[in-house]
Amino acid sequence: QLCTHERCVGFWAIRIDQGSFGDVSLGGVKAVIAYDSPKHMIAGNWTEVIVIDRAASAAQRRAVEAMLTGSAGGPWAVLARFVGRRLDTRFLPVELADEGNTKRARIPGLLEAAVTQIRGRDRGRPVLFQNIFNQIHDATQVLATGTTEYGDGVIKISTSRTHGLFSNFDWVVEAS
């Protein structure tokens, strides 16, 4: 489907709670992937940048970069086919806060963002996107609204009261 505006811009904020890449533990690593794509995202030619938390060790940085660029295979390898321009990976402080119904992402001087779940009809449960096929997200996602300010000189995101999603997920890449 086509996005509403001339370009589709957005980001993924990722907090790895547990897992490993080979013998490298990734628990606690945080990253943000910002992108700018044409109106029809599957047309390709995206511009993308990965920011990995500066607190990650050198081995964790290499592992997460390999995963998120798709060079390690798995779901991000599918997404990588759409990237026409990949900016250099950056290593900066990444702050991610989980306040229950609200999720926040911050990279000082680069990103300020928050999404809050949309309450459902019964007001006690969130509105869910279910049974969707997506390479990156889980099959069930929470619908949210939010605001984002991001600018790195190439990719610019400035949104207010637009849609957002969040979910928990598992990624697995089988060793070949």
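Computed from a prediction, not measured in an experiment: that's the story for all the values here.
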Looking at I52, I50, D152, which one forms a side chain to side chain contact (heavy atoms under 4.5 Å, CB included) with R90?
-> D152
[X] atom [atom1]: more than 12 heavy-atom contacts under 6.0 Å:
X: Q18; atom1: CD; answer: no
X: D88; atom1: CG; answer: no
X: R106; atom1: CZ; answer: yes
X: R86; atom1: CZ; answer: yes
X: D23; atom1: CG; answer: no

Side chain to side chain donor-acceptor pair (under 3.5 Å) partner of T89, the single match among E65, R61, R62 | E65
To the nearest 0.5 Å, how far apart are CG in L92 and CD1 in I107?
-> 6.5 Å
Spatial distance of atom CZ (F82) from atom OH (Y35) [nearest 0.5 Å] | 12.5 Å
Testing F166, W76, Y150 for ring pair (Phe, Tyr, Trp, His ring centres under 6.0 Å) with W12, which one passes?
-> W76
For the hydrophobic clusters of this structure (ILVMFWY residues joined by side-chain heavy atoms under 4.5 Å, transitively), does one cluster hold both L110 and I33?
-> no
Out of curiosity, does L68 fall in the hydrophobic cluster containing W46 (side-chain heavy atoms, cut-off under 4.5 Å, transitive links)?
-> yes
Side-chain contact test, heavy atoms from C-beta onward, threshold under 4.5 Å: evaluate it for T102 versus V115 and give yes or no.
-> no
So R85 and E48, salt bridge (Lys or Arg N to Asp or Glu O under 4.0 Å) or not? Walk me through it.
-> CA-CA 6 Å; R85 179 180 180 200; E48 184 179 276; over 6 Å; no
